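Naming convention: chains lettered A, B, ... in sequence-line order (proteins, then strands); numbering from 1 in each chain. What's counted below: heavy atoms across the whole structure, side chains too, no hydrogens, waters or symmetry copies. Bear in mind that the values here come from a model prediction, so they are computed numbers and not experimental data.
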Number of protein chains: 2
Amino acid sequence: MAPTLEDVARAAGVSRSTASRVLGGYGPASPDTRERVRAAATRLGYAPDPAARALVTGKGYRLVVAVVGLDPAVLDDPYVDRVVRATAEVGARYGIGASLQWLPMDSAPTVLHRLAGDRSVCGAVLVNTTEAVLRALPRSLIGRVVSIGIGWPGVPSFDVDNGGATSAMIQHLYASGRRRIAMVTGPAWMPCTQRPIDAYQAAMVAAGLPVRLVPGDFTAAGGRAAMLDVLDRWPDTDAVFATSDAMALGAIAVLRSRGIEVPGDIAVAGFDDIPFASYGVPALTTATHPVERIAAAAATAVLEQTWMPPVTAYPSELVYRESA
Amino acid sequence: MAPTLEDVARAAGVSRSTASRVLGGYGPASPDTRERVRAAATRLGYAPDPAARALVTGKGYRLVVAVVGLDPAVLDDPYVDRVVRATAEVGARYGIGASLQWLPMDSAPTVLHRLAGDRSVCGAVLVNTTEAVLRALPRSLIGRVVSIGIGWPGVPSFDVDNGGATSAMIQHLYASGRRRIAMVTGPAWMPCTQRPIDAYQAAMVAAGLPVRLVPGDFTAAGGRAAMLDVLDRWPDTDAVFATSDAMALGAIAVLRSRGIEVPGDIAVAGFDDIPFASYGVPALTTATHPVERIAAAAATAVLEQTWMPPVTAYPSELVYRESA
DNA sequence: CCTTGCGTTGAGAGCGCTCTCACCGGTGTG
DNA sequence: CACACCGGTGAGAGCGCTCTCAACGCAAGG
């Protein structure tokens with residue numbers, strides 16, 4: 001159906017080699033030949049098959065953003081879209097396309113194995129990957145794979161400094177007089193959950209304050225449930241730090257429905273600085289998440305193939321609004 | 001680097017043909033041979049190269065979700081994620097992977113042309129495509145491409161019945177006593193903008209009510225600006241229908257900051273029923289957008305290659321909450 | 001004894017492409 | 001006149017895979 005290089009060559013009255021040389025723009029060719037080949041290609045609507053090309057050159061032509069085990073409900077904001085977009089932008093500068101690949105938790109190793117054999121992919125950016133997945137990472141993928149989240153020997157990690165952000169937020173809450181600060185975390189199975197918990201615990205223990213941890217799931221509904229739980233277990237809580245804005249927004253909804261003042265009675269802070277953070281009442285105090293910067297760095301790392309430090313943490317900044 | 005079928009065959013002491021037959025599971029082979037080949041494949045960590053396979057079979061192995069010209073800021077909700085996810089799920093049932101491809105407005109024809117030549121792709125689902133893009137659609141893509149949004153000869157269209165949803169919403173607003181109903185639309189360049197406008201105008205004219213149209217951009221910030229505009233031009237407006245929840249939420253933020261009661265003074269309705277719609281105060285009245293159903297149908301259509309009606313509209317349902 | 005049929009196997013072509021290499025005719029040098 | 005050289009060109013190998021086809025050994029049937 002689609003015309004091949006052979007078709008173009010025939011139409012231009014030259015050999016396949018010459019056509020390839022002209023279209024690929026690498027070898028010598030007379031102006032006349034050049035012209036004829038190009039004209040034929042346009043006339044036939046020829047587009048080279050990158051898959052066939054990859055087969056012979058041994059170089060892939062697409063970068064895969066592999067998202068591990070994320071139920072879309074887990075994310076009430078377009079996090080993955082942002083990662084793919086940033087990756088695509090970087091890839092475009094290298095003539096490389098970006099593809100999204102969802103890896104259901106249970107079949108992640110299988111899919112990754114298939115990916116490893118695919119000569120059309122030149123590398124991958126793992127998102128939200130777990131230790132189990134990294135452990136099973138195909139050997140042939142090492143060196144052309146990076147991770148947004150936790151790292152692994154041979155797999156450099158890029159992530160927001162959510163530990164630092166947590167410390168800063170707790171500090172802010174403390175400075176504004178809060179002493180009974182609860183934290184709504186991500187789900188335990190997600191690797192990005194641990195560091196904020198550690199930072200929170202360290203800060204609370206250092207200040208001699210009680211540790212109040214409740215697991216969430218990064219959704220507004222989850223934040224709602226978690227807030228209910230906090231209220232139930234520790235009624236005297238005066239501040240809540242949720243590790244995602246969606247959860248914080250859910251928490252605020254609960255508080256408002258109970259007639260509890262925010263931030264008067266309970267301060268609420270989030271994380272991510274999603275668009276809706278500033279549109280609620282009260283506007284959400286939160287910490288930025290430089291997704292694009294992180295994804296761009298990750299993509300660049302696999303495309304450039306240059307040495308990368310095992311872990312790169314990107315600073316998050318506090319955004320002071322009304323809720324805390 | 002990565003082992004090839006040849007390597008496996010050699011390790012198992014058989015020919016490449018036999019190895020292919022065993023691993024592909026199509027031809028006869030003695031139990032002993034079968035065993036040896038499989039063992040060798042596992043031991044070497046072999047994964048077949050789908051690109052090479054596609055080259056000979058002529059069948060692609062991935063379905064591309066091609067999103068035309070959408071700035072991520074345009075969407076404050078994970079619409080694209082949802083489409084990709086649904087597509088991936090359908091694809092998985094056919095052993096076909098899904099890839100996301102962003103098409104910047106200006107380079108859409110070029111990228112589509114490249115896509116057409118790529119033997120690794122078996123088809124595409126166009127999202128938010130425009131007439132200009134469809135006009136330039138490569139011939140070899142016709143028959144294996146569908147559109148979520150507007151259609152084209154040979155390109156069946158799947159979309160939510162946003163015209164019907166608009167009529168229903170206006171009717172609801174009218175029934176609850178509203179008479180000066182303004183509408184915040186999508187950006188003019190997006191093809192999904194027109195039908196709701198037509199439906200709104202028809203309803204208003206039929207009821208002898210004034211038409212009050214303001215363009216938005218599907219973001220919360222855009223909704224904010226549009227609401228300001230409405231207030232400025234038609235201070236007596238008593239209802240606003242925004243064609244996305246994000247815009248409706250932005251509109252509500254403006255009204256609240258002005259001390260205007262919602263829905264007391266002005267009713268606000270949205271479209272999409274995103275997660276945050278129910279978390280604001282007041283909870284947003286809106287219309288559902290069955291993205292997954294639509295995407296699944298679109299993906300199935302290209303994978304099944306069966307005849308499809310030129311246009312399939314999926315019903316939207318009104319969700320009555322507090323804001324209207 | 002030869003034929004037929006069957007289960008099993010490997011040789012080989014070829015998918016669309018890149019790229020090395022050899023070739024060809026024309027020009028410049030010794 | 002022989003030689004090297006050079007821009008321009010095509011033949012052909014081969015990337016990893018699938019799949020057709022022929023060949024092989026062996027049992028059953030005539």
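A distance-only check finds no donor-acceptor pair linking the side chain of A:Arg293 to the backbone of A:His289 [under 3.5 Å]. A:Ser120 places no side-chain N or O within 3.5 Å of a backbone atom of B:Ala51 that could act as its donor or acceptor partner.
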(request) Assign a letter to each nucleotide of nucleotides 14-20 of chain D from its 5' end: B, base within under 4.0 Å of a protein heavy atom; S, sugar-phosphate only; -, no contact. (result) BBBBBB-
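Using modelled atom types and a 3.5 Å distance limit, the side chains of B:Tyr79 and A:Asp81 yield no donor-acceptor pair. Checked by atom type, the side-chain pair A:Ser30/A:Thr33 shows a donor-acceptor distance below 3.5 Å. No side-chain donor from either of A:Ser107 and A:Thr110 sits under 3.5 Å from a side-chain acceptor of the other. Judged by distance alone, the side chains of A:Ser17 and A:Ser20 never bring a donor and an acceptor atom under 3.5 Å apart.
Here the P atom of nucleotide C:dG7 and the CG atom of B:Asp32 are 18 Å apart, to the nearest Å.
With a 6.0 Å cutoff to the six-membered ring centre and a 45° limit on the axis angle, A:Arg85 counts as a cation-pi contact of B:Trp102.
The end-to-end axis angle of the helix from C:dC1-D:dG30 to C:dG30-D:dC1, rounded to 10 degrees and based on five pairs per end, is 70°.
The nearest pair of heavy atoms linking A:Arg144 to A:Val302 is O-CG2, 3.7 Å.
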